[in-house]
Amino acid sequence: MEVKARAPGKIILSGEHAVVHGSTAVASSIDLYTYVSLRFPTPSDNDDALRLQLKDVGLEFSWPIGRIKEALSEKDIPNSSVPTSCSIESLRSLAALVDELKIPEAKIGLGAGVLAFLWLYSSIQGYKPATVVITSELPLGSGLGSSAALCVALSAALLSFSDSVNLDLSHQGWLTFGESELELLNKWAFEGERIIHGKPSGIDNTVSTYGNMIKFKSGSLTRIKTNMTLKMLITNTKVGRNTKALVAGVSERTLRHPEAMASVFNAVDSISTELAAIIRSPAPDDLSLTEKESKIEELMEMNQGLLQCMGVSHASIETVLRTTLKYKLASKLTGAGGGGCVLTLLPTLLSGTVVDKVTSELESCGFHCLTAAIGGNGVEICFGDSS
């Protein structure tokens, strides 16, 4: 039998950078997904290898199961019900396996994801041959949570064939996990994120697991449920950025101007709190929805101004802002800044012609545009055909 899992990416609606300094941030899932399919061979296949296919980048890897078992010889018997951190010894052993793959220099950043894959697979499923195929609608390294979506979708596929979750294998179409199962899945995904990022906040994998939106402050995550449908134009500037350097830059500016930056962070906190309240409140008719969208646009513009105060904008981001402003659309960077992606709210009453025009103009600058609905479902799985 084959299982397919999908997990959404994420955007930060407000609060990036300021969240490091105690402010509230609001994040949301988007309906752009990473897909993982898992299939175990039949006895007649006579296959004793673990195979990983990364369809989007045209790479395929395989390892004899015995080689993985040998590399993790000091590891305890796999237990899918207890999320386990990868020890330094295990990380070194798995890194040696990844080094042997000779990943092309241009795609060397994929190595950490392959490491996380090997750890999650061996920890949840043990040492069994299988074929895992990964595809994604999320651009890599652009701040849309592609690594978290991978870890969440992979954990979902692996757990669905374990004794730790109880699922209806005969269910047709996409299926969601129960609350306790989502909690377990999220913890496993976080362990994968730790391998990729070192010290992740947990925001990305939590949004990808549960979907909808979350409010985050000082290490505390609060899930936000809303029936409000918002659409965003996501512009990928294709400009790479150094997140650690950008975070350090904000901290250095805070040391130089403590009182001014404290005011900036307080303002961001107020924006995030108000944004969460607007999203939570019901919108019974089109007029109410239009009013809410107008308020959200203003809050996005205010947040962007404060991000500029923090010094994390970029010439490419400013180009997007100028372009969308011509069409009276509100935009802000999302994530670390310094490049990456920019969000533009697409109001409900906005014509498709305007969307086409702004998209065309942005793409003529060399950017890549995606349209996404925010606040949708979290991770889901499907047994057999998902069509």
Side-chain angles (χ1 to χ4, degrees), residues 5-13 15-16 19-20 25-36 80-86 109-110 112-121 123-124 132 134 136-160 162 164-165 176-225 243 334-336 341 372 374-381:
R6 68 179 183 186
K10 74 91 181 55
I11 54 172
I12 303 291
L13 283 169
E16 49 270 270
V19 72
V20 178
V26 178
S28 172
S29 62
I30 53 177
D31 62 347
L32 298 170
Y33 298 90
T34 290
Y35 297 85
V36 172
S80 60
S81 64
V82 181
T84 312
S85 300
C86 186
L110 297 171
V114 177
L115 268 176
F117 162 76
L118 287 169
W119 176 253
L120 291 173
Y121 185 91
S123 297
I124 296 173
V132 177
I134 297 172
S136 186
E137 298 164 345
L138 297 163
L140 300 177
S142 59
L144 298 182
S146 59
S147 67
L150 165 65
C151 292
V152 171
L154 178 60
S155 299
L158 295 170
L159 285 169
S160 68
S162 76
S164 299
V165 299
T176 57
F177 290 81
E179 197 69 20
S180 62
E181 294 162 337
L182 285 173
E183 184 178 353
L184 174 66
L185 191 160
N186 194 33
K187 288 177 179 176
W188 271 118
F190 182 69
E191 293 302 335
E193 278 279 84
R194 288 182 66 188
I195 292 172
I196 297 172
H197 294 297
K199 293 183 178 179
S201 66
I203 293 177
D204 288 16
N205 53 277
T206 301
V207 173
S208 189
T209 298
Y210 292 99
N212 228 302
M213 302 182 191
I214 64 167
K215 190 166 71 167
F216 178 79
K217 183 172 184 177
S218 303
S220 175
L221 294 172
T222 305
R223 287 159 58 192
I224 300 172
K225 290 192 176 180
T243 300
T334 184
C341 289
I374 71 170
N377 291 342
V379 64
E380 298 172 307
I381 58 165

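Position 1 is the first residue of the sequence; numbering continues from there.
Residues that satisfy the side-chain contact (heavy atoms from CB on, under 4.5 Å) test with Ser81, not counting sequence neighbours, are Asn79, Ser164. For Ser85, the side-chain contact (heavy atoms from CB on, under 4.5 Å) test picks out Glu191, Arg194, with sequence neighbours left out. Residues satisfying the side-chain contact (heavy atoms from CB on, under 4.5 Å) test with Ser201, not counting sequence neighbours, are Ile203, Phe216.
Between Cys151 and Leu120 the shortest heavy-atom distance is O-CD1, 4.2 Å. Annotation for Ile11 and Ile374: closest pair CD1-CG2, 3.6 Å, computed over non-hydrogen atoms. Contact record, Val36 with Ala157: CG1-CB, 4.1 Å, taken as the closest heavy-atom pair. Of all heavy-atom pairs between Val165 and Ser160, the closest is CG2-CA, 3.9 Å. Shortest non-hydrogen contact noted between Asn205 and Ala189 is CB-CB, 4.2 Å. The two residues Glu137 and Leu32 make their nearest non-hydrogen contact at OE1-CA, 3.4 Å.
The side-chain heavy atoms of Phe177 and Ile381, taken from C-beta on, include a pair separated by under 4.5 Å. Counting heavy atoms from C-beta on, the side chains of Glu183 and Glu179 never come closer than 4.5 Å.
No side-chain donor-acceptor contact under 3.5 Å links Ser208 to the backbone of Asp204.
Between Trp188 and the choices Leu154, Thr209, Leu159, the side chain to side chain contact (heavy atoms under 4.5 Å, CB included) rule is met once, by Leu159. When the options Val379, Thr206, Leu182 are evaluated for a side chain to side chain contact (heavy atoms under 4.5 Å, CB included) with Val152, the one that passes is Val379.
Every pair passing side chain to side chain donor-acceptor pair (under 3.5 Å) that includes a residue from residues 26-36 is listed here, sequence neighbours excluded: Thr34-Ser136. Every pair tested for side chain to side chain donor-acceptor pair (under 3.5 Å) that includes a residue from residues 150-159 fails, sequence neighbours excluded, so the list is empty.
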With a 3.5 Å cut-off and sequence neighbours excluded, list the donor-acceptor pairs that the side chains of residues 139-149 form with protein atoms.
unit_1	atom_1	unit_2	atom_2	d
Ser142	OG	Pro139	O	3.0
Ser147	OG	Glu193	OE1	2.7
Ser147	OG	His197	NE2	2.8

